[in-house]
Amino acid sequence: MASTSLATLPSQLASPVRLRRRAALSSASRPHFLLHRATKGGSQCRLAVTCNAQAVAPTSFAQGTPVRPTSILVVGATGTLGRQVVRRALDEGYDVRCLVRPRPAPADFLRDWGATVVNADLSKPETIPATLVGIHAVIDCATGRPEEPIRTVDWEGKVALIQCAKAMGIQKYVFYSIHNCDKHPEVPLMEIKYCTEKFIQDSGLDYIIIRLCGFMQGLIGQYAVPILEEKSVWGTDAPTRIAYMDTQDVARLTFIAMRNEKANKKLMTFAGPRAWTTQEVITLCERLAGQDANVTTVPVAVLRFTRQLTRCFQWTNDVADRLAFSEVLSSDTVFSAPMNETYQLLGVDGNDILSLEKKDFCDLGT
């Protein structure tokens with residue numbers, strides 16, 4: 001496969017599509033999704049989802065410079081998962097380029113590890129093409145910042161990135177999604193993840209889509225540190241169970257999947273060995289820290305009411321969107337999936353996957 005000049009990119013990459021929930025994007029020159037719903041037996045059911053990314057015409061790269069199959073671009077490289085993907089890739093001998101937004105504190109640790117850092121911003125599509133020159137595979141770990149509208153990066157930016165990857169002949173696109181995102185269209189972030197999955201599947205790219213349940217590393221700031229510092233930890237009264245997986249295992253399995261032709265164009269879920277409730281996590285952290293936690297319980301009903309209240313004001317809509325996701329995480333739901341078929345497909349021994357109770361408490365943040 002060969003690279004291409006930026007001049008060959010289609011003009012529509014200059015501006016991203018805009019998401020209109022549960023409606024088609026009407027511009028004929030842009031990719032679109034259509035989410036059909038109908039009433040059956042008094043309840044709504046999903047009939048079909050069409051995500052069309054064929055607006056980007058195929059481009060011939062026969063005359064270009066061959067691209068090394070070890071050259072990868074990691075998007076979202078400074079995040080909890082992204083930095084583990086970078087470390088694993090470098091350890092396995094990949095040439096790693098990291099797409100990082102311009103920031104006051106440079107991501108020097110990525111350079112120190114041996115990666116190349118390029119500045120770009122998914123919310124500014126014109127900055128994307130240059131980052132893909134000479135790249136064989138893209139690993140997309142990115143998500144928007146809490147202060148940003150969810151759609152800016154997680155939909156508009158991702159559509160621009162996927163279009164650009166297709167136009168420039170990227171050979172593989174790895175996308176991290178959320179477990180059960182197809183079952184919660186009422187939650188904007190989960191609906192966007194599901195529509196992005198469909199968008200990728202219809203794009204013509206070779207891809208791997210990985211749905212994740214939860215990261216062990218996210219527990220350190222939420223539970224471990226507050227317990228050690230004798231501060232309050234926040235929980236809910238719902239029996240939600242989450243199968244947390246170590247991000248190092250997520251990264252390791254990702255590269256095993258990338259090298260396995262049987263995983264091409266597959267959608268798979270990565271889940272930890274056991275699903276934990278909030279109270280079980282707190283109890284484990286208390287035992288490892290050797291001290292009791294000061295637990296503040298937030299009833300799910302309060303989250304639900306707060307979400308409805310923030311919907312009343314335009315400037316708090318994004319808060320309501322994120323509370324919708326919190327409400328799902330605090331409902332009577334199990335975020336887990338059987339892993340036997342995935343282990344068999346990837347040739348992995350399930351006993352090698354780290355469980356939360358065996359994770360080094362002092363190492364939870366890495």
Side-chain angles (χ1 to χ4, degrees), residues 1 4 8-38 45-61 73 75 122 125 128-129 132 135-143 150-185 187-212 254 257-258 261-269:
M1 180 52 58
T4 183
T8 65
L9 291 173
S11 60
Q12 64 265 33
L13 289 179
S15 60
V17 299
R18 296 195 63 82
L19 174 66
R20 290 176 176 82
R21 297 180 62 214
R22 303 177 181 86
L25 296 179
S26 58
S27 173
S29 65
R30 292 173 175 174
H32 67 275
F33 78 87
L34 184 60
L35 185 58
H36 303 280
R37 289 186 174 274
C45 62
R46 187 188 304 264
L47 296 182
V49 176
T50 302
C51 298
N52 183 358
Q54 297 300 330
V56 179
T59 306
S60 174
F61 305 104
L73 176 71
V75 186
L122 294 187
I128 297 173
L132 293 170
I135 292 297
H136 183 269
V138 172
I139 303 180
D140 179 3
C141 313
T143 192
I150 289 175
R151 294 160 183 78
T152 301
V153 170
D154 287 286
W155 175 253
E156 296 171 358
K158 296 302 181 77
V159 165
L161 177 61
I162 294 161
Q163 285 182 307
C164 201
K166 174 63 176 175
M168 296 186 69
I170 296 301
Q171 292 296 286
K172 185 154 292 183
Y173 193 99
V174 179
F175 176 65
Y176 292 106
S177 187
I178 301 173
H179 180 53
N180 282 342
C181 61
D182 54 321
K183 297 178 181 178
H184 294 281
V187 180
L189 179 60
M190 299 182 82
E191 183 184 20
I192 288 171
K193 288 289 189 181
Y194 180 59
C195 287
T196 305
E197 291 179 0
K198 304 302 292 183
F199 195 96
I200 294 168
Q201 290 168 339
D202 290 343
S203 70
L205 286 165
D206 283 344
Y207 64 84
I208 300 173
I209 295 172
I210 301 170
R211 291 182 177 180
L212 302 172
T254 295
M258 288 177 64
E261 287 299 319
K262 294 180 181 179
N264 192 41
K265 295 192 175 181
K266 292 284 189 182
L267 187 158
M268 58 187 75
T269 297

For this session: Step by step, work out the side chain to side chain contact (heavy atoms under 4.5 Å, CB included) result for Tyr207 and Lys172.
Result: CA-CA 5 Å; Tyr207 64 84; Lys172 185 154 292 183; over 6 Å; no
Problem set entry | Candidate pair Ile128 and Leu122, rule side chain to side chain contact (heavy atoms under 4.5 Å, CB included), full reasoning | CA-CA 7 Å; Ile128 297 173; Leu122 294 187; 3.9 Å; yes
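Between Ala263 and Met268 the shortest heavy-atom distance is CB-CE, 4.0 Å. Nearest approach of Met258 to Ala137, heavy atoms of both residues: CE-CB, 3.9 Å. Here the closest non-hydrogen pair linking Thr143 and Val153 is C-CG1, 4.0 Å. The shortest heavy-atom contact between Ile209 and Ser177 is CG2-CB, 4.3 Å. Looking at every heavy atom in both residues, Ala165 comes nearest to Leu132 through N-CD1, 3.9 Å.
Counting only distance, with no hydrogens or angles, the side chain of Lys158 and the backbone of Lys193 share no donor-acceptor pair below 3.5 Å. Although no hydrogens or angles enter the test, the distance criterion places a donor-acceptor pair under 3.5 Å between the side chain of Gln171 and the main chain of Gly169.
Two residues are said to be in side-chain contact when any heavy atoms from C-beta on lie closer than 4.5 Å; Phe175 and Ile139 fail this criterion. Two residues are said to be in side-chain contact when any heavy atoms from C-beta on lie closer than 4.5 Å; Tyr194 and Phe199 fail this criterion. The closest side-chain heavy-atom distance from Pro185 to Met190 is not below 4.5 Å.
A distance of 11.5 Å separates NZ in Lys265 from CD in Glu261, rounded to the nearest 0.5 Å. Here the CD1 atom belonging to Ile210 is positioned 9.0 Å from the SG atom belonging to Cys141, to the nearest 0.5 angstrom. Of the inter-residue distances, the one linking Ile208 atom CD1 with Asn264 atom CG reads 6.5 Å to the nearest 0.5 angstrom. The line from CD1 of Ile178 to CD1 of Ile192 is 9.5 Å long, rounded to the nearest 0.5 Å. Remark: Glu197 CD to Cys181 SG distance equals 4.0 Å, nearest 0.5 Å.
With Val138 as reference, Ile170 is the one residue of Val174, Ile170, Leu205 to meet the side-chain contact (heavy atoms from CB on, under 4.5 Å) rule. Paired with Thr196 under the rule side-chain contact (heavy atoms from CB on, under 4.5 Å), one option of Asp154, Val159, Ile162 passes, and it is Ile162.
No side-chain donor from either of Ser203 and Tyr173 sits under 3.5 Å from a side-chain acceptor of the other.
With salt bridges taken as basic N to acidic carboxylate O contacts below 4.0 Å, one links Arg211 and Asp182.
The salt bridge (charged side-chain N to carboxylate O under 4.0 Å, His left out) search around Lys266 returns none, not counting sequence neighbours.
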